[in-house]
Amino acid sequence: STMTGESSSGLSDPFGFDSNTRTTLQQAADSVVFDDTLGYSYPWQNEPSSEPVDNSTEASNLWFGSSDGTNVLIEPGGGSGFTVNITNNASFTDIADIYIQTNTGWNMSWNYGTGNPANGYTLEMSSDSLHWIQFAISVPEVSMGLPLAGSKHSFTVIATSQHDGNSTSWTFTIEVLSWHGAEVAEQPVNDTVDPDLKVRIPVSVRNLGNEDESLAVRIRPLNELGGSIPGQEPALSFTQSGWSVGIFELYNVVDLQPYEMGTVQVEFDAPNNPTGTMWVEFSTWSASNNQMISTTQMEVSIVRERSATIELL
């Protein structure tokens with residue numbers, strides 16, 4: 001109604017309102033647009049002038065329809081589409097150079113110009129016209145602990161008038177959500193042990209998430225083919241075939257910073273047998289999320305060493 005001067009009553013709508021709601025909204029719109037006592041003026045009320053207009057002294061008046069401060073939550077490895085409108089409020093046709101400024105280095109795209117919002121494109125805007133700008137931004141996957149959970153990254157959409165060089169902008173932020181992960185950072189070294197004695201093997205794990213996190217660590221026995229043994233589930237310790245195996249120094253994997261590494265000790269207590277081997281599966285994951293589990297295998301064998309010397313006195 002503001003653009004054409006025609007009543008909105010009776011028009012259809014694309015939103016699926018029921019007839020009563022639609023009628024109420026249309027009557028409310030007409031009551032405002034066509035109330036002369038309110039003092040509003042509309043484009044359809046102005047007769048076009050045949051006289052040339054000198055706009056050389058008039059300032060540009062580009063305006064974004066959204067205010068600064070919008071914050072959008074996105075998971076690492078995810079993305080989102082954005083839409084913002086811009087209006088030319090000047091009385092003349094203006095040409096705007098539009099681009100997006102950020103120091104994130106993240107991937108951005110739109111269907112204008114070269115397809116890269118950092119390079120920008122040129123938009124011709126007639127007086128009082130509104131245009132929609134659509135673009136997409138992808139948040140990178142977590143690498144070496146970055147981007148950190150809760151960190152906010154700024155983006156600014158800028159429009160510069162070719163008429164006088166004045167610029168207007170819309171700034172928003174993307175806040176990165178938490179992501180959890182863990183890995184066995186280094187393959188543990190297999191070892192040997194004397195009968196009825198103990199040996200400890202260090203195992204280093206790393207927090208692959210983007211916030212401080214404690215890591216869970218577990219062990220379970222395997223058969224000589226690397227298969228699981230019935231009745232044996234991952235645990236902090238177990239006994240099997242006379243062997244006792246447990247994890248020590250768990251405090252080293254509590255509250256690890258992003259990409260920080262901690263080391264626990266897996267202790268093998270061998271039975272008093274001349275030979276034997278214990279195969280173990282070691283696993284780790286984020287204590288907050290067990291969807292990503294990293295595993296490795298290690299083994300300790302009993303080696304009974306004998307030696308003697310003879311010396312003539």
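Positions are given from 1 along the sequence.
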> Can you check side-chain contact (heavy atoms from CB on, under 4.5 Å) on Thr171 and Phe155, steps first, answer last?
Replying inline: CA-CA 6 Å; Thr171 298; Phe155 296 80; over 6 Å; no
>> Parallel, tilted or perpendicular, judged at 30° and 60°: which one describes the rings of Tyr121 and Trp110?
In response: perpendicular
For the [atom1] atom of [X] and the [atom2] atom of [Y], what is their distance to the nearest 0.5 Å?
{"X": "Glu281", "Y": "Arg220", "atom1": "CD", "atom2": "CZ", "result": "4.0 Å"}
{"X": "Met278", "Y": "Asn190", "atom1": "CE", "atom2": "CG", "result": "13.5 Å"}
{"X": "Leu313", "Y": "Ile310", "atom1": "CG", "atom2": "CD1", "result": "9.5 Å"}
{"X": "Trp179", "Y": "Gln291", "atom1": "CH2", "atom2": "CD", "result": "10.0 Å"}

Please check if atom [atom1] in [X] has more than 12 non-hydrogen atoms from other residues, nucleotides or ligands closer than 6.0 Å.
{"X": "Glu249", "atom1": "CD", "answer": "yes"}
{"X": "Gln232", "atom1": "CD", "answer": "yes"}
{"X": "Asn71", "atom1": "CG", "answer": "yes"}
{"X": "Gln187", "atom1": "CD", "answer": "yes"}

Check: [X] side chain, [Y] main-chain N or O, donor-acceptor pair, under 3.5 Å:
{"X": "Thr284", "Y": "Ala216", "value": "yes"}
{"X": "Asn88", "Y": "Met125", "value": "yes"}
{"X": "Ser294", "Y": "Val184", "value": "yes"}
{"X": "Asn210", "Y": "Leu177", "value": "yes"}
{"X": "Asp196", "Y": "Asn273", "value": "no"}
{"X": "Ser60", "Y": "Asp164", "value": "no"}
{"X": "Thr23", "Y": "Ser19", "value": "yes"}
{"X": "Thr156", "Y": "Trp170", "value": "no"}

Using a distance-only test with no angle check, is there a side-chain donor-acceptor pair under 3.5 angstrom linking [X] and [Y]?
{"X": "Ser288", "Y": "Glu213", "answer": "yes"}
{"X": "Asp94", "Y": "Gln162", "answer": "no"}
{"X": "Ser8", "Y": "Asp30", "answer": "yes"}

Going by heavy atoms in the side chains, are [X] and [Y] under 4.5 Å from each other?
{"X": "Leu256", "Y": "Met261", "result": "no"}
{"X": "Phe82", "Y": "Phe172", "result": "yes"}
{"X": "His163", "Y": "Ile95", "result": "no"}
{"X": "Trp63", "Y": "Ile86", "result": "no"}
{"X": "Asn119", "Y": "Asn116", "result": "yes"}
{"X": "Phe135", "Y": "Tyr112", "result": "no"}
{"X": "Val199", "Y": "Thr192", "result": "no"}

>> Suppose we call two aromatic rings close when their centres sit under 6.0 Å apart. Are Trp243 and Phe238 close by that rule?
In response: no
> Is the NZ or CZ atom of Arg206 positioned over Tyr259's six-membered ring, under 6.0 angstrom from the centre and within 45° of the axis?
Replying inline: yes
> Side-chain heavy atoms under 4.5 angstrom apart, residues restricted to Ile, Leu, Val, Met, Phe, Trp, Tyr: same cluster for Leu208 and Val176?
Replying inline: no
